[in-house]
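Notes for the one structure printed next.
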Protein chains: 2
Amino acid sequence: MEFINVSSSSSRTELETRGVRVHSHSEAERRRRQRINAHLATLRSLLPSASRLDKAALLGEVVRQVRELRVRAEEVAVVVPGEADEVGVEEDEEAARDETKTVGGGQQGRMVRAWVCCEDRPGLMSEVSRAVRSVRARAVRAEMVTVGGRTRSLLQLEVNEAEAAAAAERGEGHHSKLQAALWAVLLTNRHGAVDNFSKRERVSTRFRSRT
Amino acid sequence: MEFINVSSSSSRTELETRGVRVHSHSEAERRRRQRINAHLATLRSLLPSASRLDKAALLGEVVRQVRELRVRAEEVAVVVPGEADEVGVEEDEEAARDETKTVGGGQQGRMVRAWVCCEDRPGLMSEVSRAVRSVRARAVRAEMVTVGGRTRSLLQLEVNEAEAAAAAERGEGHHSKLQAALWAVLLTNRHGAVDNFSKRERVSTRFRSRT
DNA sequence: TTTGACACGTGAAAC
DNA sequence: TGTTTCACGTGTCAA
């Protein structure tokens, strides 16, 4: 099937110039299309499940996968120790409510959630434990994750109400003392026993890649 | 710019019929386009970084994200305890090689990698430890991950060479005895202290969603 | 035959 | 301005 260009409204007088321009235009569009399709092909190869699928269906599958991977990675980021050293302290309203509800009064003190993320080392937990005791807090629950030499510890603490009030009167925040104590743990012996742990790190990497 | 169809090879005689066909065709194509573009828009909204981007560039970004999330999820799947109970034992050639290389002989026994994935419970590790000792093995290294009440333990063990040989003579595999002992740990007290742990699981979920 | 998917060239609009 | 991106209608091939 052929077409004849009948349009006479062209403001361009020289036919050759126009011919070149049109050619360039169509070619540019062609390049654009092939860029898009290249990425589409990459996605096809990336999703083994969605090979030999409609272009639209492929994109739908991509959407599905991105959503799924996104939530999974999000859950993980929360739970797995990261590369950066980190200390956090915040009140745990929900746990405090549960506690007061089950027992009846506010006598047990405020509930606090604290976490530490750093390089693992022998004795780390006892140091953290000492830091907790140093602010007259008691660990109600603890959760630890250690991966490849990095540790994240999550502590649910009950702090002495009187102690917290006294700290508040002295102008200190409820949590700043605990936070400082935990930072002190992190900054202590940061380069201690490095040899042991560099070796452990290697082994751990092996584990990860082969299991 | 307009076109006149000069081709006379059309087998269609009735112009009206052809007209509706053409119209239906273009409309179908339009629907197809809008299906694709809808998914593209979804991807745009899904990737906050790639808003207001070229269509091709958007797809490029999608490819990048999928690759990144894919490897992250893969790493995670290896390391985070899954929902299914699991026991594994296999020889660790690399560790064995390192060990023999650093010390010089094969006198330390074979290196074995064992792992257990199950519901966490008090005393679990000592039971695992007892299982390890029951096959005359010694834990050289251990890595634990506990998330939301599920635990995965990874043990690098040194098994007594003589013991392994004796087991082999009795027709037992090197690892089957250890594997059985670990399964026994998993199957013991499976429903013990459930109340404590259902509560713990709830708290853990809270942690995960709010930290 | 019809229906759907794809690539193409083009006009228009966005800088 | 011209370069680039997008939507559109169309031809074509395949089921």
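In the text below, chain A, chain B and the rest are named by the order of the sequence lines, each starting its count at 1.
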* **Residue met sooner reading DNA chain C from 5', once B:His25 and A:Arg33 are mapped to nucleotides** => B:His25
* Interface residues of residues 40-59 of chain B with DNA chain D (non-hydrogen, below 4.0 angstrom) -> B:Asp54, B:Lys55
* Asked: When only distance counts, do a donor and an acceptor, one from the side chain of A:Glu29 and one from the base of C:dC8, lie under 3.5 Å apart?
  -> no
* Asked: Hey, are A:Glu61 and A:Arg64 close enough for a salt bridge, meaning a charged N less than 4.0 Å from a carboxylate O?
  -> yes
* **Separation of atom CZ in A:Arg30 from atom P in D:dC6, rounded to whole Å** => 19 Å
* Asked: For the side chain of A:Arg35, counting heavy atoms from C-beta on, which of D:dT5, C:dA5, C:dG9 is nearest?
  -> D:dT5
* **Sugar-phosphate, base or nothing in reach of B:Arg31, heavy atoms under 4.0 Å** => nothing
* Asked: Is B:Arg32 near enough to C:dC6 that one of its side-chain N or O atoms lies under 4.0 angstrom from OP1 or OP2?
  -> yes
* To do: Could you tell me the separation between the CG atom of A:Leu59 and the CG atom of A:Asp54, rounded to the nearest 0.5 Å?
  => 9.0 Å
* Separation of A:Glu86 CD from A:Trp183 CH2 (nearest 0.5 Å) -> 8.0 Å
* To do: Report the distance from atom CD of A:Gln34 to atom P of C:dA7, rounded to the nearest whole Å.
  => 11 Å
Would you mind writing out the side-chain donor-acceptor pairs for residues 36-53 of chain B within the sub-3.5 Å range, not counting sequence neighbours?
| from | atom 1 | to | atom 2 | distance (Å) |
| --- | --- | --- | --- | --- |
| B:Asn37 | OD1 | B:Lys55 | NZ | 3.4 |
| B:Asn37 | ND2 | B:Arg33 | O | 3.4 |
| B:His39 | ND1 | A:Ala56 | O | 3.1 |
| B:Thr42 | OG1 | B:Ala38 | O | 3.0 |
| B:Arg44 | NH2 | B:Leu53 | O | 3.1 |
| B:Ser45 | OG | B:Thr42 | O | 2.7 |

* **Any A:Asn37 side-chain N or O less than 4.0 Å from OP1/OP2 of C:dA7** => yes
* Would you call A:Glu127 and A:Arg130 a salt bridge, using N to O less than 4.0 angstrom? -> no
* To do: Could you tell me the separation between the CD1 atom of A:Ile36 and the P atom of D:dC6, rounded to a whole number of Å?
  => 6 Å
* Salt-bridged, A:Glu119 to A:Arg150, with N to O below 4.0 Å? -> yes
